[in-house]
Peer 1: 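One structure is given below, represented as structure tokens, and several questions about it will come after.
Hydrogens, waters and symmetry mates play no part in the numbers below; they use all other heavy atoms, side chains included.
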Amino acid sequence: MKTFGTLKLYEIPDIAEALGIHPVTARRYLKEGRIPGRKEGKNWLVTEEAMLTYFQTGSAAPGAGDSTGSKQ
């Protein structure tokens with residue numbers, strides 16, 4: 001986990017551990033928009049708020065990780 005001021009940012013290993021899934025699966029969830037996140041360089045970053053939303057709903061809104069709202 002990284003912090004930016006008071007903002008907590010989670011990386012793929014943190015997400016995988018929290019969800020009990022393989023890091024490859026966590027990366028796929030991010031690419032599919034199931035977990036909203038932002039790719040900075042080679043790293044995915046997910047806010048604490050996005051993690052809480054995922055835990056509360058079980059998934060993110062469709063297209064949340066895709067600015068066009070469509071799936072590829």
Side-chain angles (χ1 to χ4, degrees):
M1 179 180 65
K2 294 183 176 186
T3 57
F4 184 73
T6 60
L7 182 66
K8 293 180 183 176
L9 299 170
Y10 296 88
E11 297 178 284
I12 287 180
D14 305 314
I15 297 163
E17 183 179 339
L19 298 178
I21 58 176
H22 194 276
V24 172
T25 303
R27 182 174 276 111
R28 186 177 77 239
Y29 284 6
L30 286 158
K31 286 181 181 179
E32 293 173 351
R34 293 172 69 176
I35 300 172
R38 175 173 289 195
K39 192 168 185 182
E40 296 292 333
K42 294 182 179 182
N43 299 317
W44 281 94
L45 299 173
V46 177
T47 64
E48 184 174 35
E49 180 181 348
M51 287 293 287
L52 291 172
T53 298
Y54 181 84
F55 277 111
Q56 292 169 350
T57 63
S59 66
D66 181 357
S67 62
T68 63
S70 64
K71 301 227 177 192
Q72 295 180 356

Peer 1: Would you mind writing out the side-chain donor-acceptor pairs for residues 6-22 within the sub-3.5 Å range, not counting sequence neighbours?
Peer 2:
residue : atom : partner : partner atom : Å
Asp14   : OD1  : Met1    : N            : 3.3
Asp14   : OD2  : Met1    : N            : 2.9
Asp14   : OD2  : Glu11   : N            : 3.0
His22   : ND1  : Val24   : N            : 3.0

Peer 1: With the 4.5 Å side-chain cut-off for hydrophobic clustering, are Leu45 and Met51 part of the same group?
Peer 2: no
Peer 1: Going from CZ on Arg28 to CD1 on Ile35, what distance comes out if it is rounded to the nearest 0.5 angstrom?
Peer 2: 10.5 Å
Peer 1: If every non-hydrogen atom of Trp44 is compared with every non-hydrogen atom of Lys31, which pair is closest and at what distance?
Peer 2: CZ2-CG, 4.0 Å
